[in-house]
Amino acid sequence: MANLSYREKLLFEGLFGMDSGYVLDFSNSTFARFIAETINLDIYDGDGYQEYCSKANKLRQIWSKEPNAVVGKLMDELLNYYEDYHNRLEEPLSEQQNKTINELRTVTKKLMGTDITINLPHKSEETLQTLMEDINDSLARNKPTLVLDRLHTFATKLLRQACIDNDINVLDGKGNYLPLHSLAGMLKKKYEKDQIFESSFTLRALQNSISLFDSYNDIRNTKSYAHDNEILNSVEADFVVRAMANVITFIDKIETNRKKVDSQKKSEADNISIELPF
């Protein structure tokens, strides 16, 4: 349930004309599409939303069912739509309407400020993008337990590709993919051999992360929604997600920098070979 005061709800309802049962100029289909694209929620067939009611009541349901960050994002986008709506009609907003919008912008920012966020590498590969969308959606709903399995898949794909980029075999003797902690261990050895790091602290931290990845494998298999498990509590799930996200992001940054250095060295070598007299 979002932390909206009675007065804040009245301001939204008055601005969007909700006393009529409508929300602005939305039809049922356009309203459903707008909400789905904004907060990935099905307001007609989604869990807890199957009961048929007016668009205004659907929005009130969202206020009562969804967490602050989700409601804040939706209401902020509805304010954007409201302003665009008046621009399309070429109707300038009144001083009172602008005052109300500005006040409600403060409300939406407050709601969105409660969002759980983690920093993960942005990847163009389609599967990783889909995983990122699932992860961000679950975090926006303040459900880190839902992230445990998806983040594990994201980490496995990212570390597997990092090993391949470093000419490290990612298969065991039977042709099966190696587990997450093994990938981390082989990367650590490669970085140590190539003297990638300037400090012993970094190398030691990465060494310790190997055991973290091993424990994360166990959590994913026995404490997440990957299987029919008893789920880890949300406080610890949040801690696990943040800890592993930091390690994953660090490895990705190392790989980005390594590739940049390798590219520069290759470019310099090519230039030297071009300048050599024959």
Side-chain angles (χ1 to χ4, degrees), residues 118-136 138-139 144-233 236-263 265:
I118 58 174
N119 293 318
L120 283 174
H122 292 282
K123 296 296 178 184
S124 58
E125 200 267 327
E126 185 176 357
T127 304
L128 289 177
Q129 282 188 339
T130 301
L131 289 168
M132 275 294 300
E133 290 172 3
D134 288 347
I135 289 169
N136 288 331
S138 296
L139 289 175
T145 52
L146 296 176
V147 179
L148 292 172
D149 178 44
R150 309 306 282 163
L151 183 60
H152 186 279
T153 304
F154 184 94
T156 301
K157 289 182 70 66
L158 191 142
L159 263 67
R160 190 179 290 160
Q161 187 58 53
C163 285
I164 292 172
D165 291 343
N166 281 276
D167 297 322
I168 297 172
N169 185 17
V170 296
L171 302 175
D172 63 17
K174 297 180 180 179
N176 299 315
Y177 281 118
L178 291 167
L180 191 54
H181 65 283
S182 296
L183 300 175
M186 292 188 297
L187 278 173
K188 178 262 178 183
K189 290 180 180 179
K190 183 68 163 58
Y191 294 154
E192 184 176 17
K193 178 183 176 183
D194 293 347
Q195 298 181 332
I196 294 289
F197 304 129
E198 297 179 359
S199 69
S200 59
F201 174 89
T202 304
L203 193 62
R204 182 171 298 178
L206 195 58
Q207 174 66 44
N208 291 337
S209 75
I210 298 172
S211 59
L212 288 180
F213 278 119
D214 192 19
S215 296
Y216 188 29
N217 285 331
D218 181 65
I219 287 176
R220 184 262 178 187
N221 290 328
T222 65
K223 292 288 185 179
S224 82
Y225 288 101
H227 305 290
D228 184 16
N229 297 319
E230 181 177 340
I231 306 303
L232 187 67
N233 67 78
E236 289 186 62
D238 179 64
F239 177 70
V240 171
V241 166
R242 292 179 186 277
M244 300 317 302
N246 284 337
V247 179
I248 295 164
T249 301
F250 172 70
I251 291 175
D252 182 72
K253 287 180 178 179
I254 289 297
E255 278 299 295
T256 299
N257 187 67
R258 180 189 65 77
K259 291 175 182 177
K260 181 179 179 180
V261 171
D262 287 350
S263 178
K265 288 180 179 178

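Numbers for residues simply follow the sequence, beginning at 1.
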Of Asn246, Leu159, Thr256, which meets side-chain contact (heavy atoms from CB on, under 4.5 Å) against Ile251?
Leu159
Which atoms form the tightest heavy-atom contact between Leu148 and Ser224, and what is the distance?
CB-CB, 3.9 Å
Between atom CG of Asp149 and atom NE2 of His227, what is the distance when rounded to the nearest 0.5 Å?
7.5 Å
Is the backbone N or O of Lys253 less than 3.5 Å from a side-chain atom of Asn257, with the two atoms forming a donor-acceptor pair by type?
no
Restricting to non-hydrogen atoms, name the atom on Leu151 and the atom on Val241 that form the minimum distance, rounded to 0.1 Å.
CD2-O, 3.7 Å
Check for a donor-acceptor pair, side chain of Ser263 on one end and backbone N or O of Lys259 on the other, with a separation under 3.5 Å.
no
Separation between CZ (Arg220) and CG (Asn229), nearest 0.5 Å, reads 9.5 Å
Counting distance only, does the side-chain N/O of Asn176 pair as donor-acceptor with the main-chain N or O of Asp172 below 3.5 Å?
no
Taking every heavy atom of Leu158 against every heavy atom of Pro121, the minimum-distance pair comes out as CD1-CG, 3.9 Å
To the nearest 0.5 angstrom, please state how far the CZ atom of Arg160 sits from the CG atom of Asp165.
13.0 Å
Qualifying ring pair (Phe, Tyr, Trp, His ring centres under 6.0 Å) pairs, either residue in residues 162-182, two or more places apart:
none
Name all residues meeting the ring pair (Phe, Tyr, Trp, His ring centres under 6.0 Å) criterion together with Phe154; count only those two or more places apart in sequence or in a different chain, and write none if there are none.
none
Calculate, to the nearest 0.5 Å, the distance between atoms CG and OG1 belonging to Leu128 and Thr153 respectively.
10.0 Å
Answer whether the closest heavy-atom distance between the side chains of Tyr225 and Leu146 falls below 4.5 Å.
yes
Just wondering, do Thr222 and Glu230 contact through their side chains at under 4.5 Å, heavy atoms?
no
Where is the tightest heavy-atom contact between Ala184 and Ile210, given as atom of each residue plus distance?
C-CG1, 4.2 Å
Checking His152 against Asn217 for the side chain to side chain contact (heavy atoms under 4.5 Å, CB included) test, could you report, in this order, the C-alpha distance in whole Å, the side-chain angles of both residues, the deciding distance, and whether it holds?
CA-CA 8 Å; His152 186 279; Asn217 285 331; 2.7 Å; yes
Taking C-beta and beyond as the side chain, do Leu187 and Ile254 meet within less than 4.5 Å on heavy atoms?
no
Any non-hydrogen side-chain atom of Leu206 less than 4.5 Å from a side-chain atom of Thr202?
no
Pairwise side-chain contact, Met244 with Phe213, heavy-atom cut-off 4.5 Å (strictly under):
yes
Go through the steps to decide whether Met186 and Leu178 satisfy the test side chain to side chain contact (heavy atoms under 4.5 Å, CB included), and finish with yes or no.
CA-CA 10 Å; Met186 292 188 297; Leu178 291 167; 3.3 Å; yes
Would Glu255 and Arg258 pass as an ion pair if we require N to O under 4.0 Å?
yes
When rounded to the nearest 0.5 Å, the distance separating CD1 of Ile231 from CG of Asp228 is 8.0 Å
Which distance, rounded to the nearest 0.5 Å, do you find between the OG1 of Thr127 and the NZ of Lys157?
4.5 Å
